[in-house]
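What follows is one structure encoded as structure tokens, with my remarks underneath.
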Amino acid sequence: MFSFIGSLIIGGLVGLVAKWIFPGREPGGVIVTILLGIAGSVVATWLGSALGFYRYGEGAGFIGSVIGALLILWIYKLATRPRV
């Protein structure tokens, strides 16, 4: 139970930092920010494991999670930009 609540808190902080670094007008409020942070942590853990930075069972740290969230934001912006 505490790890779930801790994940929500860290996910929210990671999402806020990622939105602060990568400013723009994305829709969504607190829930989307938390989900962005959690997804960033998952992406960073998966990518770090695939590249050999983390061993089995290790998770990405705060900075890795922010980088993962920034990667998700960048892909989102590429996918939703207006086409000419």
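No single ILVMFWY cluster, assembled from side-chain heavy atoms under 4.5 Å apart, contains both Leu16 and Trp74. By the criterion of side-chain heavy atoms lying less than 4.5 angstrom apart, applied directly or through intervening Ile, Leu, Val, Met, Phe, Trp or Tyr residues, Val42 is not grouped with Leu51; the two fall into different hydrophobic clusters.
The distance from atom CD1 of Ile72 to atom CD1 of Ile38, rounded to the nearest 0.5 Å, is 11.0 Å. Taking CG from Leu36 and CG from Leu73, the interatomic distance works out to 4.5 Å, rounded to the nearest 0.5 Å.
By the 4.5 Å heavy-atom criterion applied to side chains, Leu13 and Phe62 are counted as neighbours.
Members clustered with Ile67: Ile63, by chain and number, using a 4.5 Å side-chain heavy-atom cutoff among hydrophobic residues.
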